[in-house]
**Student:** 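Take a look at the following structure, please.
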Amino acid sequence: MALILGPVVMCAGYLLRHLSTVTALTPQQQAWAEAQPFAAYGQLLAYSSEPALLTLSYAVFALGAILLFPAFVALAQRVGGGLAFWGAALLVTGLFARLYFAGADQTAFQLTEVVGLEQATNAIMKEYVDISYGPWRVPVWASVGQYAGSLLLAIATWRSGLFGTARSLMLLLAGGTWMGVLKGASLPDALVTGLLCVALVPLGVRMLRGRLPAPAGRPPVLSW
């Protein structure tokens, strides 16, 4: 179930984060936000306009990160071997970082309701680097696991023959999406995560039906 729901919910989270920002901001506000050095300015402004919509989008995104935890573990178990194990372990470490960022996002949003948008924005941006990196920079280092882990797991799925070249590349591309606090999402982010759905959902469906695909060894370079 996680192989099916995880990528779908995460893709929905990216799409909702993009659409909620576009909906909450006027064209003039969007132009102003794009001119700022960090996306956080626009995200805080969008929250002040549509708090319920922004909360929904960030909640779905965080839920997607949680569901991808067992999805990556299930994929690694199906592939087998040390490369898949370390790939999944690093990807899960990256998901831990996403949950830290989700907590920082929620705190920033709630601060706007307590002290107002202007004061909250000034306070958050003054300490933005320390907030984003986290205590002892543990979260930002953990976020590196997403990029390294997706590479290792993509190689493992291809070498085992569980995925062909195309689906392994989809897994790799999905691991390149951004990480951080109060980041804005775009349609390409949703599309790349949609590729993860294409790679993982069919595998999850087959496993639910009891038709477990067995790794068949290294496939041809041009393969699905």
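Atoms considered below: every heavy atom in the structure, side chains included; atoms not considered: hydrogens, waters and symmetry mates.
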**Student:** As a quick check of understanding, evaluate side-chain contact (heavy atoms from CB on, under 4.5 Å) for S48 and T112, giving each step before the final call.
**Tutor:** CA-CA 7 Å; S48 68; T112 66; 5.5 Å; no
**Student:** For the side chain of S168 and the backbone of T165, is there at least one donor-acceptor N/O pair under 3.5 Å apart?
**Tutor:** no
**Student:** Taking all non-hydrogen atoms of both residues into account, name the closest pair between L68 and P7 and its distance.
**Tutor:** CD2-N, 3.6 Å
**Student:** So, using ring pair (Phe, Tyr, Trp, His ring centres under 6.0 Å) as the criterion, who are the partners of W178 when residues are at least two apart?
**Tutor:** Y14, F61
**Student:** Rounded to the nearest 0.5 Å, how far does CG of L45 lie from CD of E118?
**Tutor:** 12.0 Å
**Student:** Linking Ile, Leu, Val, Met, Phe, Trp and Tyr by side-chain heavy atoms under 4.5 Å, what else ends up with L15?
**Tutor:** L19, L187
**Student:** State which residue, out of P139, S143, S132, fulfils the side chain to side chain contact (heavy atoms under 4.5 Å, CB included) condition with M179.
**Tutor:** S143
**Student:** Near Q119 CD, under 6.0 Å, is it more than 12 heavy atoms from other residues, nucleotides or ligands?
**Tutor:** no
**Student:** Measuring from atom CE of M125 to atom CD of Q36, what distance do you get when rounded to the nearest 0.5 angstrom?
**Tutor:** 9.0 Å
**Student:** Can you establish whether the number of heavy atoms outside Y147 located under 6.0 Å from its atom OH is more than 12?
**Tutor:** yes
**Student:** Show your reasoning for whether side-chain contact (heavy atoms from CB on, under 4.5 Å) applies to L3 and V201.
**Tutor:** CA-CA 6 Å; L3 284 165; V201 170; over 6 Å; no
**Student:** Return the minimal non-hydrogen interatomic distance between S20 and L53, and the atom names on each side.
**Tutor:** CB-CG, 3.6 Å
**Student:** Please give the remaining members of the hydrophobic cluster of V192, linking ILVMFWY side chains under 4.5 Å, ordered by chain and number.
**Tutor:** M170, L173, L195, V198, W224
**Student:** Should the ring pair W32 and Y41 be called parallel, tilted or perpendicular, given that the plane angle runs from 0 to 90° and is split at 30 and 60?
**Tutor:** perpendicular
**Student:** Any side-chain heavy atom of L171 within less than 4.5 Å of one from L75?
**Tutor:** yes
**Student:** Starting at CG of L95, measure out to CD1 of I66 and round the result to the nearest 0.5 Å.
**Tutor:** 9.5 Å
**Student:** Write down the atom of A39, the atom of G184, and the distance for their closest heavy-atom approach.
**Tutor:** CB-N, 3.6 Å
**Student:** Take Q146 and R98 through the side chain to side chain donor-acceptor pair (under 3.5 Å) test and state the conclusion after the steps.
**Tutor:** CA-CA 10 Å; Q146 173 183 290; R98 284 200 183 277; 2.8 Å; yes
**Student:** Any donor-acceptor pair under 3.5 Å linking the side chain of S223 with the backbone of P219?
**Tutor:** no
**Student:** Should L196 and M10 be marked as a side-chain contact (heavy atoms from CB on, under 4.5 Å) after you check the CA-CA gap, both sets of side-chain angles, and the distance that decides it?
**Tutor:** CA-CA 9 Å; L196 188 64; M10 179 59 83; 5.9 Å; no
**Student:** Is a side-chain donor or acceptor of Q43 paired with a backbone partner of L182 at a separation under 3.5 angstrom?
**Tutor:** no
**Student:** Nearest 0.5 Å, what's the OG1-NE2 distance between T23 and H18?
**Tutor:** 8.5 Å
**Student:** Can a donor-acceptor pair be found, under 3.5 Å and without considering hydrogens, that links the side chain of D189 to the backbone of S186?
**Tutor:** yes
**Student:** Is it the case that one hydrophobic cluster holds both L117 and L54, taking links as side-chain heavy atoms less than 4.5 Å apart, direct or via other members?
**Tutor:** yes
**Student:** If you look at every heavy atom in G42 and L25, which pair is closest and at what distance?
**Tutor:** O-CD1, 4.0 Å
**Student:** Which heavy-atom pair separates L67 from A2 by the least distance, and what is that distance?
**Tutor:** O-CB, 3.6 Å
**Student:** Is the ring centre of Y47 less than 6.0 Å from the ring centre of Y58?
**Tutor:** no
**Student:** Return the CZ to CG distance between F69 and L99, rounded to the nearest 0.5 Å.
**Tutor:** 10.0 Å
**Student:** Hey, mind stepping through F163 and L200 against side-chain contact (heavy atoms from CB on, under 4.5 Å) and telling me if it holds?
**Tutor:** CA-CA 10 Å; F163 286 173; L200 297 186; 4.0 Å; yes
**Student:** Could you check whether atom CD of E113 has more than 12 heavy atoms from other residues, nucleotides or ligands sitting under 6.0 Å from it?
**Tutor:** yes
**Student:** What pair of heavy atoms forms the shortest contact from V181 to F101, and how long is it?
**Tutor:** CG2-CD2, 3.6 Å
**Student:** According to a 4.5 Å side-chain heavy-atom criterion applied to Ile, Leu, Val, Met, Phe, Trp and Tyr, with indirect links allowed, do W141 and Y100 form part of one hydrophobic cluster?
**Tutor:** no
**Student:** So how far is it from L162 CG to L203 CG, rounded to the nearest 0.5 Å?
**Tutor:** 5.5 Å
